[in-house]
Amino acid sequence: MSDFLKQLNKDQLRAVTQINGPTMVIAGAGSGKTRVLTYRIAYLLSKGIDPFNILALTFTNKAAREMKERVINLIGDGDARNVWMGTFHSIFAKILRIEGHYLGYPSNYTIYDSNDSKRLIKNIISDMKLDTKQYSPSYVSSRISMAKSSLISTDEYANDSDIQSADESARKPYIKEIYSRYQSRLKRADAMDFDDLLFNTYILFSRFPKVLYKYQQKFKYTLVDEYQDTNHAQYLIVKKLAANTEQICVVGDDAQSIYGFRGANISNILNFKSDYPDFKMFKLEQNYRSTKTIVEAANQVITFNKEQIKKTVWTDNNTGNKIGYFKAQSDTEEGKMIADSIFEKKMNEQLSNDKFTILYRTNAQSRSIEEALRKKNIPYRIYSGQSFYTRKEIKDLLAYFRLVINNNDEDALQRIINTPARGIGKTTIEKIIVAADINNVNIWEVINNPAQYDLKVNSGIVLKLNNFSTMINSFCVVNKSKDAYETANHIAVSSGLLKMFREEDTPEAISRVENIEELLNGIKEFTEKAIEKSEGDMSVHKTLDEFMEDVALLTDADSDDDEDRDKVMMMTIHASKGLEFPHVYIVGLEENLFPSIQSITTRTELEEERRLFYVALTRAMETVTLSHAETRYRWGNFTITEPSRFLDEIEEGLIDKPKESLNLSNRESNFSKTQSDTGQHSFKKRNLMPLSNSGAEPTEDSDISELKSGADVEHAKFGRGKIISIEGSGPNMKATVFFNSVGNKNLLLRFAKLKIV
DNA sequence: AATCGGAAGGTTTTT
DNA sequence: CCTTCCGATT
């Protein structure tokens with residue numbers, strides 16, 4: 001029956017089959033952590049445990065999805081589907097949809113992402129007539145976030161003398177007031193931010209023992225991945241859930257704790273001992289992923305940290321190559337060296353693109369590398385945070401969806417009430433907000449009954465408001481009966497949003513229309529997938545509400561698409577956690593960048609940076625190449641950099657002699673590059689919906705490839721002109737052209753149909 | 001009320 | 001350098 005257990009080593013086997021009582025698994029990098037978790041779930045099921053009684057919590061959607069897939073592979077679809085597997089945030093969001101009414105939330109509450117919540121905080125700060133410099137929204141928001149993830153309520157925040165004196169000495173005594181207003185505004189909008197999903201779940205379980213009991217009964221077995229990254233709230237919720245049966249298994253690696261900055265607390269691992277004195281601990285120390293060289297280098301680096309649980313990660317794998325080391329003169333050069341190196345290795349060893357991964361500390365570093373890859377025609381894909389969903393046009397359309405789903409969502413309402421322009425201006429909105437505040441009702445309520453709340457606007461405006469609310473209400477009606485795609489499409493068209501961008505005939509607007517179409521395609525896919533899963537049954541259609549629930553907790557790094565394989569992968573080190581790749585490039589190893597300048601003052605923070613480096617190294621299976629640039633374009637000017645201290649922490653025998661860039665003309669090329677770039681941005685086209693995709697496709701249209709800067713061209717609408725510069729490639733190729741009639745224009749070449757004269 | 005341009009601020013890292 | 005926001009202008 002349990003044939004699959006044969007695939008485990010001794011330690012893994014013990015960790016999997018020890019299913020009675022609290023269990024902690026300390027798993028070194030590459031030692032089969034996910035494997036233990038998935039096999040443990042399979043094992044529980046094989047022992048007759050009801051899948052409905054199992055809860056598995058992860059940090060990222062990606063990890064959750066992978067776990068699901070692997071469990072399905074082991075035991076088949078049927079049982080696996082009934083196990084609750086998901087991120088902390090998504091599982092708790094689900095619970096709050098069901099039980100939120102205990103706390104006064106409707107089941108269709110909106111989830112605000114960090115941008116939404118910063119916007120709200122900013123509004124509050126200006127409402128309070130405070131200086132936004134002194135009270136920068138991001139500072140205030142991180143303060144509030146820290147409080148919430150430590151379960152400190154608004155009242156507790158205001159009454160805690162330590163917190164208050166800290167805020168006062170930081171000259172920000174009003175944060176308590178902002179926090180409190182922020183919470184009531186969220187409540188009024190029937191909205192929760194990310195931290196509320198945890199905070200409110202905790203409150204729910206504390207105040208309503210009956211609800212807690214229900215979920216304790218349901219989740220008899222709890223598994224937690226990446227336990228070292230849990231914050232206080234997550235820790236306590238899990239503890240509450242497991243209090244009854246104590247059938248809890250946590251898996252983690254203190255050496256890979258990299259989320260301290262958002263409240264993760266390594267000591268949760270250490271507390272485990274005192275919370276569950278009769279716990280069993282297993283250490284997984286054999287690494288199956290990397291070469292000896294890589295494992296050794298990683299071990300060496302981590303010894304520079306003082307705080308850690310002792311363990312010895314070792315491997316039976318080959319020694320492998322030494323670690324590569326590039327010393328580039330500039331960031332441009334760094335990109336070039338990496339692109340060249342990938343190209344060479346690819347050709348020599350006949351490797352596909354997807355065998356290569358480039359890791360960096362900050363998202364901003366991707367640009368110079370991207371350019372180099374594009375020049376070499378190497379396709380790549382960036383797994384970046386949220387860029388797709390933070391685009392204006394996407395946010396706008398999503399705001400319509402949000403408002404339709406939750407009429408009280410004030411942030412969404414304010415975003416779109418005049419987009420596209422419908423004559424409801426700033427002054428009017430101002431008046432509505434004041435009326436709402438005075439009467440302590442929601443903005444939506446005021447818009448629907450302007451007279452009742454004594455809104456002092458002329459009859460023309462009243463008519464416009466009326467038209468707006470009629471429109472939204474009609475969308476709500478559509479949403480009740482149609483599936484997600486039909487509703488979304490209807491809204492995109494009837495709201496006039498699509499038309500607005502279509503009429504504006506600029507390359508920028510064209511790309512916005514494309515992005516909207518991508519979003520709609522994504523929703524279509526989402527809808528069809530559900531129908532497909534239910535074997536063509538059209539009646540079980542997915543609603544827009546369900547789509548939005550998915551989106552709120554999704555980042556585009558989470559998505560994966562079959563058509564999008566075989567590309568070099570690029571991502572931040574944080575995003576790479578839990579993944580493995582054959583050939584890894586870790587770039588920008590410079591002081592003040594990696595380790596980050598914000599983290600070199602305290603030991604704790606520096607050690608977190610070092611763990612980050614440890615994570616980066618241990619992603620690699622076969623080779624690692626490190627690089628640094630001696631000069632780097634930052635904030636628009638050259639900075640001379642120093643090699644990262646982390647480079648010295650790897651013993652000389654394990655690392656190659658630095659390979660230096662020889663191109664002396666690089667400074668020049670750097671200058672010319674910046675000049676031609678002035679004032680332009682390339683619009684990265686995203687392909688299928690939840691996917692961030694910046695592919696460098698070979699140019700298909702031979703006409704286009706003949707266009708060069710300096711060429712005289714003719715355009716159907718603008719007439720004669722001269723090409724000033726060209727950038728991008730494939731479908732993204734665009735040019736700046738000076739036309740005698742209208743001056744400079746940015747054109748997407750694929751649409752512009754330029755003729756060479 | 002809408003549009004355009006300039007100024008200012010922003011880079012950690014993510015759910 | 002790039003993006004966003006604000007204010008001045010029409």
Side-chain angles (χ1 to χ4, degrees), chain A residues 57-64 86-93 111-115 117-119 122 126 132-133 136-138 142 145 148-149 192-198 226 229-231 233-234 257-264 331 359-368 383-387 390-392 418-429 460-461 464 504 552-558 571-577 588 592-600 605 608-609 611-612 615-616 632-639 670 673-675 677-682:
Chain A
L57 295 167
T58 65
F59 271 81
T60 63
N61 296 300
K62 198 168 201 152
T87 63
F88 279 93
H89 293 267
S90 70
I91 297 281
F92 296 160
I111 298 171
Y112 277 14
D113 69 18
S114 19
N115 290 311
S117 94
K118 262 184 212 154
R119 249 168 73 101
K122 201 178 166 194
S126 45
T132 43
K133 278 196 193 96
S136 91
S138 50
S142 79
S145 173
K148 285 202 218 175
S149 48
M192 298 192 202
D193 66 12
F194 287 145
D195 298 309
D196 285 332
L197 296 176
L198 308 180
E226 312 274 17
D229 284 332
T230 48
N231 65 28
Q234 289 162 328
S257 159
I258 54 174
Y259 285 109
F261 70 92
R262 74 170 205 225
D331 47 356
L359 301 179
Y360 34 78
R361 179 65 179 79
T362 65
N363 281 305
Q365 285 165 261
S366 70
R367 188 170 305 114
S368 55
Y383 291 75
S384 68
Q386 309 220 318
S387 42
T390 54
R391 280 150 198 279
K392 184 187 176 301
N418 205 27
T419 315
R422 39 177 82 86
I424 304 173
K426 221 179 180 173
T427 341
T428 310
I429 296 170
I461 300 279
K464 286 170 182 167
E504 188 191 328
L553 296 168
L554 202 72
T555 61
D556 43 332
D558 288 320
M571 66 188 84
T572 63
I573 301 169
H574 282 89
S576 76
K577 185 150 172 227
N592 299 337
L593 180 61
F594 191 18
S596 152
I597 190 162
Q598 282 96 334
S599 307
I600 49 181
E605 285 176 312
E608 180 152 314
E609 293 284 310
R611 289 194 294 270
L612 199 53
V615 168
R632 181 173 293 278
Y633 236 112
R634 277 180 107 181
W635 290 277
N637 40 25
F638 273 120
T639 359
N670 225 334
K673 184 201 96 197
T674 37
Q675 271 167 14
D677 268 1
T678 309
Q680 302 169 21
H681 337 124
S682 51

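Order of the sequence lines sets the chain letters (A, B, ...), proteins ahead of strands, with each chain counted from 1. Worth knowing before you read on, the calculation uses all heavy atoms, side chains too, and leaves out hydrogens, waters and symmetry mates. As the structure is a computational prediction, the values presented were derived from the model and not from experiment.
Nucleotide B/dT14 holds its C1' atom 13 Å from the CD atom of A/Glu226, rounded to whole Å. Between the CG atom of A/Leu197 and the P atom of B/dT14 there is a distance of 18 Å, given to the nearest Å. Atom CG in A/Asp195 sits roughly 9 Å away from atom C1' in B/dT15 (whole-Å rounding).
Note: A/Tyr259 and A/His574 have tilted aromatic rings, judged against thresholds of 30 and 60 degrees for the angle between ring planes.
Summarising the geometry of A/Arg611 relative to A/Ile258, their closest heavy-atom pair is C-CG2, 4.1 Å, with the distance given to 0.1 Å. Annotation for A/Ala64 and A/Thr58: closest pair CB-OG1, 3.5 Å, computed over non-hydrogen atoms.
Note on A/Ser90: nothing from the nucleic acid sits closer than 4.0 angstrom, heavy atoms only. At a threshold of 4.0 angstrom between heavy atoms, the contacts of A/Asn418 are confined to the sugar-phosphate backbone, with no base atom among them. Residue contacts for A/Phe88: at a heavy-atom cut-off of 4.0 Å it reaches no nucleic acid atom on any strand shown. In this structure, A/Lys577 reaches neither bases nor backbone, as no heavy-atom distance under 4.0 Å exists between it and the strands shown.
For A/Asn61, no side-chain nitrogen or oxygen approaches OP1 or OP2 of B/dT14 to under 4.0 Å.
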List every contact pair, protein side and nucleotides 4-11 of chain B side both N or O, where the distance is under 3.5 Å.
residue	atom	partner	partner atom	Å
B/dG9	OP1	A/Lys133	NZ	3.4
B/dT11	O3'	A/Gln598	NE2	3.2

